[in-house]
Number of protein chains: 2
Amino acid sequence: MPERATPETAPRGNTTAYRPTARTVPTRARDRAGYDRELVHGILDEAYVCHLGFVHDGAPVVLPTLYGRVDERLYVHGSTGSRPLRMASGTGADHSGTEGTDPGLAVCLTVTHVDGLVLARSAFHHSINYRSVVVHGIARQVTDPEERRSALDAIVDHVVPGRSFDSRPANDRELAATAVLRLDLDEVSAKVRTGGPNDEPEDVLLPHWTGVVPVVHGYGAPVPADDLDPSVALPDYLSVL
Amino acid sequence: MPERATPETAPRGNTTAYRPTARTVPTRARDRAGYDRELVHGILDEAYVCHLGFVHDGAPVVLPTLYGRVDERLYVHGSTGSRPLRMASGTGADHSGTEGTDPGLAVCLTVTHVDGLVLARSAFHHSINYRSVVVHGIARQVTDPEERRSALDAIVDHVVPGRSFDSRPANDRELAATAVLRLDLDEVSAKVRTGGPNDEPEDVLLPHWTGVVPVVHGYGAPVPADDLDPSVALPDYLSVL
């Protein structure tokens, strides 16, 4: 069971687990759910594309986007003209009556790694080995200039660790065109499936191959841009990818 | 521009492109959007995990799930006890007043492939090469027994082509425990980024490495289950993965 902290004696940030809530306890396969912060951070840090869900005109919208993490905060960014960013800032069509305020935007941010294909003897027990994190919360615009800069660095470094230091930082014009949203890691759960197939005992003698096909992810050889000066060497942080 | 069919003369299913709608035309980077059916089918068929968004108690929820495609229909499945499946069937908490009806469930189903990391000289122009499909619509429970069976086969075969034929089909008890939702491909868009970085002309002489790091996906050697009879050979459909 995840640890439950008593707020008076142990500030939430110091506990080792997120507190389960009604919507972070799954309706099924509860044994696969986890709330450990290290587990969650590990899953979040291994990916860089999340699927961000929000509600627009009463209907769900799910868009892939890059993200970064700084401690217990996630950041996403986008053009100041993009729909979720405008909605969070109160300048979108859904917030025309409250322009200028910052109502935030209710979001669900989900990250998934697929680790293997689980082939059971029965079609029913086919599955996937995966690790996912689901974050619920209110995404809010970041306006503090320092936090905006560190958030943008975190997003770049989340994709390629060390890269933000080896690129030209955003200038004022670029910063003005970029909106940054923050989502605190508070209502969070992980879900993990590992291991082999779970066939029914009566199926064990069926003549079908059964097991797990590992899914692997990697990088190909970096392809320099056409206009790259050939004297610029491949940086170490890329050769170790 | 995508082809726009006149319903009277050309049934939508025969056109080569999906009809853009207000919510499938992006607010930015419109040149990356596409509506061609072959493009969309190709992106959908190369993946097997989607991110399914729906609205629960007014807030967005995004969950990873397997899916299959049969022509212009997508299918997802799950336990009859899982939240989106209960909501679509009208037996979920949000539909307690209309139990027994089939209101359907407004969903957004998104599939994303990451093809490369785009490293520009400026932090601002960093990007990702990707291909994504976003499907909006109403997911409805499938009750016809034949369609349910073919949908479940499609989901298994979407992960490993040919596998449904080489496994025990679901029995009545398993079928009764499984809900299947159908989402028609109607309000659909693809978004694709390819190519190298788009640096500003004044940044070209900066000393930072620039180019694309390809992202590759593949499979490791299949790992047989502990209880697999060693005389069962690895099937051809796995050796070609």
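Residue numbers begin at 1 in each chain, while the letters A, B, ... track the order of the sequences. Remember, it's a predicted structure, so these values are computed and weren't measured experimentally.
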After noting the C-alpha distance and the side-chain angles of A:Leu117 and B:Tyr48, does the key distance pass the side chain to side chain contact (heavy atoms under 4.5 Å, CB included) rule?
-> CA-CA 10 Å; A:Leu117 315 179; B:Tyr48 40 82; 3.3 Å; yes
Hey, which of [options] has the most heavy atom pairs under 4.5 Å with chain B?
options: A:Pro197, A:Ala233, A:Gly218, A:Ala170; result: A:Gly218
options: A:Pro169, A:Pro224, A:Ala106; result: A:Pro224
options: A:Ser132, A:Ser127, A:Pro235, A:Ala123; result: A:Ala123
options: A:Val223, A:Val107, A:Asp203; result: A:Val223

Of the backbone (N, CA, C, O) and the side chain (C-beta and beyond), which part of [X] lies under 4.5 Å from a heavy atom of chain A, both, or neither?
X: B:Ala22; result: backbone
X: B:His217; result: both
X: B:His51; result: both
X: B:Thr178; result: side chain
X: B:Asp227; result: both
X: B:Ser164; result: neither
X: B:Val160; result: side chain
X: B:Pro207; result: backbone
X: B:Val216; result: both

Please identify, among [options], the residue contributing the most non-hydrogen atom pairs under 4.5 Å to chain A.
options: B:Gly53, B:Gly220, B:Gly116; value: B:Gly220
options: B:Thr112, B:Val49, B:Leu63; value: B:Thr112
options: B:Leu205, B:Asp229, B:Leu238; value: B:Leu238
options: B:Ala177, B:Gly78, B:Ser122, B:Pro26; value: B:Ser122

Rounded to the nearest 0.5 Å, what separates atom [atom1] in [X] from atom [atom2] in [Y]?
X: B:His136; Y: A:His56; atom1: NE2; atom2: NE2; result: 9.0 Å
X: A:Phe124; Y: B:Arg173; atom1: CZ; atom2: CZ; result: 6.5 Å
X: A:Ser167; Y: B:His126; atom1: OG; atom2: NE2; result: 4.5 Å

Shortest non-hydrogen separation from [X] to [Y] and the atoms involved:
X: B:Arg163; Y: A:Ala120; result: NH2-O, 2.6 Å
X: A:Thr110; Y: B:Val62; result: OG1-O, 2.7 Å
X: A:Ala59; Y: B:Arg23; result: CB-NH1, 3.4 Å
X: A:Pro60; Y: B:Cys108; result: O-CB, 3.3 Å

Should A:Ile128 and B:Leu66 be marked as a side chain to side chain contact (heavy atoms under 4.5 Å, CB included) after you check the CA-CA gap, both sets of side-chain angles, and the distance that decides it?
-> CA-CA 9 Å; A:Ile128 294 280; B:Leu66 297 172; 3.4 Å; yes
Residues from residues 148-159 of chain A approaching chain B under 4.5 Å (heavy atoms) | A:Val156, A:Val159
Could I get the full list of side chain to side chain donor-acceptor pair (under 3.5 Å) partners for A:Asn198, not counting sequence neighbours?
-> none
Near B:Asp236 CG, under 6.0 Å, is it more than 12 heavy atoms from other residues, nucleotides or ligands?
-> no
In this structure, are over 12 heavy atoms from other groups packed under 6.0 Å from A:Tyr219 atom OH?
-> yes
Residues of residues 187-196 of chain B with a heavy atom under 4.5 Å from any heavy atom of chain A, in residue-number order, are none
Let me have the donor-acceptor pairs involving side chains of residues 208-215 of chain B, under 3.5 Å, with sequence neighbours excluded, atom names and distances please.
residue	atom	partner	partner atom	Å
B:His208	ND1	A:Asp166	O	3.3
B:His208	ND1	A:Asp166	OD1	2.6
B:Thr210	OG1	B:Leu119	O	2.8

